[in-house]
Every structure is written in C-alpha cells, then in structure tokens.
Amino acid sequence: MRSARIGSVGSVEHQVLVVDDDPTVSDVVRRYLEQSGCRVRLAGDGSAALAAVAAERPDLVVLDVMMPGLDGLEVCRRLRRDVPDLPVVMLTALGEEADRVLGLEIGADDYVTKPFSPRELVLRIRSVLRRAGGTTAEPAAAAMLTDGDLTADTARRIAWRRGEPLALTVREFDLLEFLMRHPGQAWSRTQLLDQVWGWQIGDHSTVTVHVRRLREKIEDDPAAPRRILTVWGIGYRYEAE
C-alpha cells in the first residue's frame with residue numbers, strides 16, 4: 001500500500017500524471033503536488049500521456065488543452081472511451097471558453113484556467129480525488145440510492161440503470177448523488193457549484209454541461225427529461241419516479 005504523508009489528499013499517496021508540453025509549468029505543478037503528498041509522473045505530449053496511462057494507471061490526470069500533435073481534448077476523449085472513471089482536470093487558457101465547455105462535454109471532471117495558482121490547482125485536485133475515493137459525510141445506511149430503474153451505490157460510486165452500469169465521471173456521479181438525495185428541490189447553478197463542486201465562484205456552464213451529459217445517461221429522451229427538470233429562471237430540480 002502507498003504510504004500516507006502529511007498533507008496528502010487521503011490515506012494513500014496518490015499518483016498524478018501531469019501532461020503539459022511546457023516543462024516550466026510541469027515542474028511547478030509537480031513540486032506543489034509532491035509537497036501535498038502525491039507521486040507525480042510527467043508527460044510532454046498527448047501520445048506520451050496515453051502510453052503512461054496504459055502502462056500504469058494513475059489516480060488522476062492533469063491535462064493541458066493546447067499541445068502540439070494530439071491535443072488535450074483528444075486525449076480526454078480517448079481516456080473517457082477507454083477508462084471512463086479516471087478523473088481528469090484540464091488546464092485551459094483564460095480566453096478559451098469554447099475549449100473549456102468542450103472539455104467538460106467530453107468528460108473532464110474539472111478545469112483550471114491559465115495563468116493559475118498552483119495552490120488552487122492542488123485544492124481542485126484534492127477535491128476530485130476525495131470524491132473519486134468515495135469520501136462522504138453521509139451515513140452508511142444512506143449509501144444505496146434507488147429511484148425506479150436507477151440505482152446509485154454511493155459507497156462504491158457505481159450507478160446502474162435497468163441493471164446496466166453507467167459510465168459516469170467523478171463529477172457526473174457527484175451531481176447524480178446530490179440530486180437523488182434532494183428530490184423535488186430546485187437548485188440554482190450557483191448553489192450546485194457550491195454543493196457539488198465546492199466552488200464559491202465558477203463558470204455556470206460547468207453545471208449546464210454536466211446536467212446535459214447526465215441527462216444523456218439517465219433519461220429516455222434527454223430533450224424531454226423526466227428526472228432532471230429545468231426550473232426556468234432558477235436552475236434544476238430532480239423529480240423522483
């Protein structure tokens with residue numbers, strides 16, 4: 001078992017793969033993550049990143065969007081296809097809103113805009129790793145959530161619909177669990193960012209994209225949802241069957 005270190009993100013030393021073609025950025029991220037108790041591997045391009053994941057799956061990938069050759073968006077797309085539950089945090093330039101939204105649509109769990117605070121990045125990574133590890137304040141008796149043909153095992157972080165497992169990202173599962181625990185209540189995008197992502201300030205498109213992706217996986221007709229309903233002027237409400 002990996003040994004724990006002071007300030008680590010959990011009871012084990014997590015392995016993080018940092019993918020960026022800028023060695024200065026990679027080195028700064030590596031040093032901050034190692035100080036927080038992570039083991040870090042570096043990859044300088046998309047092809048090297050995919051090879052590193054195939055050789056030894058990390059606990060999380062930090063992935064730059066703008067890279068020569070195989071860019072971060074394509075790498076994320078392939079990771080979601082091959083290892084859908086692998087957490088991905090993307091790094092995007094401040095003005096690339098389209099890339100941020102596309103990254104979320106492809107399945108990134110979180111993103112941080114450049115220029116960024118390394119400490120903020122570490123906090124975002126800690127949050128995703130805690131979620132991926134199943135850290136929760138809910139009692140064990142509430143670990144299994146069921147709504148008609150939809151079931152979520154919050155202890156093992158697995159969800160099924162009609163007996164078939166759902167390929168959910170870390171944040172998609174977080175959002176599903178939160179909504180299933182609070183049926184019938186309307187939540188604004190700001191509230192969901194706070195409750196699910198832990199962000200006091202953030203881009204509301206993060207919530208919008210994740211709701212759209214989640215509807216595609218749990219609704220018969222995502223264009224006419226019956227579970228995750230839009231509350232015009234407010235946000236969203238989960239209606240249990």
| Atom of Ser127, atom of Arg171 and distance for their closest heavy-atom approach | OG-NH2, 3.3 Å
| query | Mind checking what makes side-chain contact (heavy atoms from CB on, under 4.5 Å) contact with Asp27, not counting sequence neighbours? | reply | Arg30, Arg31
| Does Ala167 offer a backbone N or O that forms a donor-acceptor pair with the side chain of Lys217 under 3.5 Å? | yes
| said: Between Glu74 and Asp71 (side chain of the first, backbone of the second, donor and acceptor by atom type, cut-off under 3.5 Å), is there such a pair? | reply: no
| field | Check: Ser26 side chain, Pro23 main-chain N or O, donor-acceptor pair, under 3.5 Å | value | no
| task | Could you tell me whether Arg39 and Glu13 make a salt bridge, using a distance below 4.0 angstrom between a side-chain N and a carboxylate O? | result | yes
| message | Counting C-beta onward and ignoring hydrogens, is there a side-chain heavy-atom pair between Val29 and Pro118 closer than 4.5 Å? | response | no
| request: Check whether any side-chain heavy atom of Leu168 sits under 4.5 Å from a side-chain heavy atom of Asp85, and report yes or no. | output: no
| note | Distance col, row Leu70:CG vs Arg77:CZ, nearest 0.5 angstrom, shows 10.0 Å
| Pairwise side-chain contact, Glu172 with Leu176, heavy-atom cut-off 4.5 Å (strictly under) | no
| field | Pairwise distance CD(Gln195) to CG(Leu179) - rounded to 0.5 angstrom | value | 11.0 Å
| Between the side chain of Asp59 and the main-chain N/O of Gln15, is any donor-acceptor distance below 3.5 Å? | yes
| Who are the side-chain contact (heavy atoms from CB on, under 4.5 Å) partners of Ala240, not counting sequence neighbours? | Asp147, Pro183, Tyr238
| request: Dump the intermediate steps for side-chain contact (heavy atoms from CB on, under 4.5 Å) on Arg215 and Tyr236, then the final yes or no. | output: CA-CA 12 Å; Arg215 281 172 169 167; Tyr236 302 100; 3.9 Å; yes
| remark: Arg226 meets the side-chain contact (heavy atoms from CB on, under 4.5 Å) criterion, sequence neighbours left out, with Glu219
| said: Please determine whether side-chain contact (heavy atoms from CB on, under 4.5 Å) holds for the pair Leu166 and Ile218, giving the CA-CA distance in whole Å, both sets of side-chain angles, and the decisive distance to 0.1 Å. | reply: CA-CA 8 Å; Leu166 299 175; Ile218 70 170; 3.9 Å; yes
| request: Working to the nearest 0.5 Å, report the span between CD1 of Ile234 and CH2 of Trp187. | output: 12.5 Å
| note | The residue among Leu175, Leu193, Val196 that forms side chain to side chain contact (heavy atoms under 4.5 Å, CB included) with Val207 is Leu193
| field | OH on Tyr32 to OG on Ser117, rounded to 0.5 Å | value | 7.0 Å
| query | Asp21 and Met66: which non-hydrogen atoms are nearest, and at how many Å? | reply | OD1-O, 3.6 Å
| From Arg126 CZ over to Ser36 OG, what is the distance, rounded to the nearest 0.5 angstrom? | 5.5 Å
| message | What I'd like to find out is whether the side chain of Asp64 reaches to under 4.5 Å of the side chain of Val25, using heavy atoms alone. | response | no
| request: Determine whether Leu42 and Val40 make a side-chain contact, defined as any pair of heavy atoms from C-beta on separated by less than 4.5 Å. | output: yes
| request: Show the numbers, then the answer: is there a side-chain contact (heavy atoms from CB on, under 4.5 Å) between Leu79 and Val88? | output: CA-CA 9 Å; Leu79 290 176; Val88 176; 4.2 Å; yes
| remark: On a heavy-atom basis, the closest approach of Arg162 and Asp220 is NH2-OD1, 2.8 Å
| field | Interatomic spacing from CG in Leu60 to CG in Asp109 - rounded to 0.5 Å | value | 7.5 Å
| Does His204 offer a backbone N or O that forms a donor-acceptor pair with the side chain of Arg189 under 3.5 Å? | no
| remark: Closest non-hydrogen contact found for Thr169 with Gly107 is CG2-O, 3.4 Å
| Is it true that a side-chain atom of Thr154 and a backbone atom of Arg157 form a donor plus acceptor pair closer than 3.5 Å? | no
| query | Where do Arg212 and Glu105 land on the salt bridge (Lys or Arg N to Asp or Glu O under 4.0 Å) test, with the steps shown first? | reply | CA-CA 8 Å; Arg212 181 163 65 245; Glu105 289 178 339; 2.3 Å; yes
